[in-house]
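Reviewing the structure listed below.
Throughout, protein chains are lettered first and strands after them, A, B, ... in sequence-line order, and every chain is numbered starting at 1.
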Amino acid sequence: MTLAGGSRLTKNFARAVKRAKTAPSAAALLAWYDRNRREFPWRAQAGRRMEPYKVWLSEIMLQQTRVETVERYFVRFVARFPAVQALASARLGEVLKLWAGLGYYARARNLHACSREVVARFGGKFPSDEQALRTLPGIGVYTSAAIAAIAFDRKATPVDGNIERVISRLFAVETPLPKAKPELFAHASRLTPAARPGDFAQAMMDLGATVCTPKRPDCPRCPFVFSCEAYRQGMAESFPRRIAKAEGKLRRGAAFFVQRTDGAVLLRKRPLKGLLGGMTEVPGTEWASGFEISGSLIHAPLGVAWKKLPGRVRHIFTHFPLELTVYSATVPKGTPAPKGMRFVALNKLDSEALPTVMRKIVAHALDNQNR
DNA sequence: AACACGTGGAT
DNA sequence: TATCCAAGTGT
């Protein structure tokens with residue numbers, strides 16, 4: 001962190017901390033947690049047991065996804081599937097619809113598979129220990145520890161991105177991520193108390209989300225300020241060390257927006273595996289680097305008059321940027337959909353498993369086809 | 001071990 | 001506008 005403004009008060013505070021550095025204590029963190037309790041739809045009231053189903057569902061949704069984004073998805077999801085049995089008896093398509101827009105769609109496929117295994121192998125009750133949880137689809141090292149600690153009060157130490165940041169600062173860990181993971185886990189595990197391990201984990205994550213933030217951490221409000229080595233060095237913001245990933249190469253492609261005169265739009269389903277697996281899409285070409293627009297009409301789903309729309313649809317995936325040219329065509333009412341595709345009424349698009357990039361294509365086409 | 005896998009909010 | 005990156009898992 002920076003000593004904002006360099007005020008005398010702040011400098012004195014920093015000097016006082018240097019003199020008084022103490023060992024970090026879980027008790028201090030838990031006290032902070034109790035004073036700064038945050039309410040979430042999946043979080044029980046203080047002292048109440050959390051439902052394993054809700055803990056599991058929220059943990060899956062929260063993987064690589066911000067709390068503010070997850071909240072409304074979680075509420076909708078629980079309203080539709082109040083318990084693991086309801087989810088297990090649903091079709092995958094129904095689950096993907098509720099997941100559309102949330103990203104990382106393998107999570108939804110694994111969530112569905114996991115619900116069926118919990119019912120089939122564990123009688124509809126989540127197992128409480130990490131080893132057993134770890135055997136379920138979509139539940140990895142982090143999530144198994146999180147469920148064991150938060151739902152079952154087992155002494156387990158989940159380490160997510162927040163906790164990595166908190167710990168790397170607390171101990172000024174110079175090893176860059178992801179190599180530092182074992183070291184960070186060892187530190188976190190040593191700090192985990194036998195009492196309230198679930199609250200401890202949530203407290204660490206809340207601390208990372210609200211105080212020990214990536215940019216401009218609010219160190220004076222931190223219960224660990226007297227223990228933090230990075231702060232003592234005046235270097236909190238420079239942790240965790242990280243090795244930059246190579247950025248993905250631009251890919252291009254074309255999308256074919258077909259609308260019937262009654263308004264219905266032509267859609268199809270993507271293969272179950274891989275990018276946007278199992279989701280609905282607007283028909284299009286492959287996405288490739290070095291893509292040539294000139295030949296793309298060969299791949300069009302119908303032999304009709306195509307109009308190349310002005311502009312492009314741009315979308316950034318985690319591992320590559322995408323640039324799409326959109327072609328549009330209008331066909332008469334009653335035109336049957338080509339094999340493997342279907343026409344869907346425009347006002348029914350909301351209840352389709354359309355990922356964000358596909359919604360962008362539809363919006364771009366509707367904005368531009370009559371210009 | 002390294003890469004595939006989405007999206008949107010903050011700065 | 002560009003960049004970062006968030007409660008990771010599977011292969």
* Asked: Near DNA chain C, which residues from residues 135-157 of chain A have a heavy atom under 4.0 Å away?
  -> Pro137(A), Gly138(A), Ile139(A), Gly140(A), Val141(A), Tyr142(A), Thr143(A)

* Salt bridge flag under 4.0 Å for residues Arg134(A) and Glu130(A) -> no

* Would you mind classifying the nucleic acid contact of Ile163(A) as base, sugar-phosphate or nothing, using non-hydrogen atoms under 4.0 angstrom? => nothing

* Under 4.0 Å from any atom of DNA chain B, heavy atoms only: list the residues of residues 203-215 of chain A that qualify, in numerical order. => none

* **Cation over ring face, Arg37(A) and Trp32(A), 6.0 Å, 45°** => no

* To do: Find the distance Gln64(A):CD to dG10(C):C1' and express it as a whole number of Å.
  => 13 Å

* Going by distance alone, is a donor N or O of one side chain under 3.5 Å from an acceptor N or O of the other, for Arg107(A) and Thr65(A)? -> yes

* Structure fact -> Taken to the nearest whole Å, CH2/Trp99(A) to P/dT9(C) is 13 Å

* Is the shortest heavy-atom distance from the side chain of Lys307(A) to the side chain of Thr330(A) under 4.5 Å? -> no

Please list, for nucleotides 2-5 of chain B, all pairs of protein and nucleotide N/O atoms separated by less than 3.5 Å.
{"from": "dC5(B)", "atom 1": "OP1", "to": "Leu275(A)", "atom 2": "N", "distance (Å)": "3.3"}
{"from": "dC5(B)", "atom 1": "OP2", "to": "His319(A)", "atom 2": "NE2", "distance (Å)": "2.9"}

* Can you find a side-chain donor-acceptor pair between Arg72(A) and Thr69(A) that sits under 3.5 Å? -> no

* To do: Return the 5'-most residue of the pair Glu247(A), Asn110(A) with respect to DNA chain C, ranking by each residue's nearest nucleotide.
  => Glu247(A)

* To do: Take atom CH2 of Trp56(A) and atom C1' of dG8(C), then tell me their distance rounded to the nearest Å.
  => 16 Å

* Asked: Rounded to whole angstrom units, what separation is found between the CG atom of Leu177(A) and the C1' atom of dA6(C)?
  -> 14 Å

* Mark yes or no for whether Arg169(A), through its side chain, and Glu229(A), through its backbone, hold a donor-acceptor pair below 3.5 Å. => no

* **Euclidean distance, atom CZ of residue Arg359(A) to atom C1' of dG8(B) [Å, nearest integer]** => 15 Å

* Listed nucleotide nearest any side-chain atom of Arg134(A), set dG8(C), dG10(C), dT7(B) -> dG10(C)

* Asked: So, Asp206(A) and Arg43(A), do they make that salt bridge, N to O below 4.0 Å?
  -> yes

* Evaluation steps, salt bridge (Lys or Arg N to Asp or Glu O under 4.0 Å), between Lys97(A) and Asp350(A) -> CA-CA 9 Å; Lys97(A) 278 183 194 176; Asp350(A) 279 349; over 6 Å; no

* Asked: Taking only N and O in the side chain of Arg107(A), is any of them less than 4.0 Å away from OP1 or OP2 of dG10(C)?
  -> no

* Asked: Where along residues 68-87 of chain A does a heavy atom fall under 4.0 Å from DNA chain B?
  -> none

* To do: Give every residue pair that meets the salt bridge (Lys or Arg N to Asp or Glu O under 4.0 Å) criterion with at least one member in residues 316-333 of chain A, sequence neighbours excluded.
  => Arg252(A)-Glu323(A), Arg312(A)-Glu323(A), Arg314(A)-Glu323(A)

* Between CG of Leu309(A) and OG of Ser328(A), what distance do you get to the nearest 0.5 Å? -> 4.5 Å

* Less than 6.0 Å separating the ring centroids of Tyr73(A) and Trp99(A)? -> no

* Side-chain N,O (Arg242(A)) to OP1/OP2 (dA6(C)) below 4.0 Å -> yes

* Structure fact -> Output for pair (Thr213(A) OG1, Leu207(A) CG), nearest 0.5 Å, gives 9.5 Å

* In whole angstrom, give the distance that lies between atom CG of Leu111(A) and atom C1' of dG8(C). => 14 Å

* Separation of atom CD1 in Ile316(A) from atom C1' in dC5(C), rounded to whole Å -> 14 Å

* To do: Verify whether the ring centers belonging to His315(A) and Phe317(A) lie closer than 6.0 Å.
  => yes

* Asked: Checking all strands, does Arg165(A) fall into the base, sugar-phosphate, or nothing category for heavy-atom contacts under 4.0 angstrom?
  -> sugar-phosphate

* **Member of Met358(A), Arg342(A), Arg268(A) meeting the side chain to side chain contact (heavy atoms under 4.5 Å, CB included) criterion with Thr280(A)** => Arg342(A)

* Asked: Rounded to whole angstroms, how far apart are CD1 on Ile243(A) and C1' on dC5(C)?
  -> 17 Å

* **Sub-4.0 Å heavy-atom contacts from residues 351-358 of chain A onto DNA chain B, ordered by number** => Pro355(A), Thr356(A), Val357(A)

* To do: Assert yes or no for the condition that the ring centre distance of Phe81(A) to Phe77(A) is strictly below 6.0 Å.
  => yes

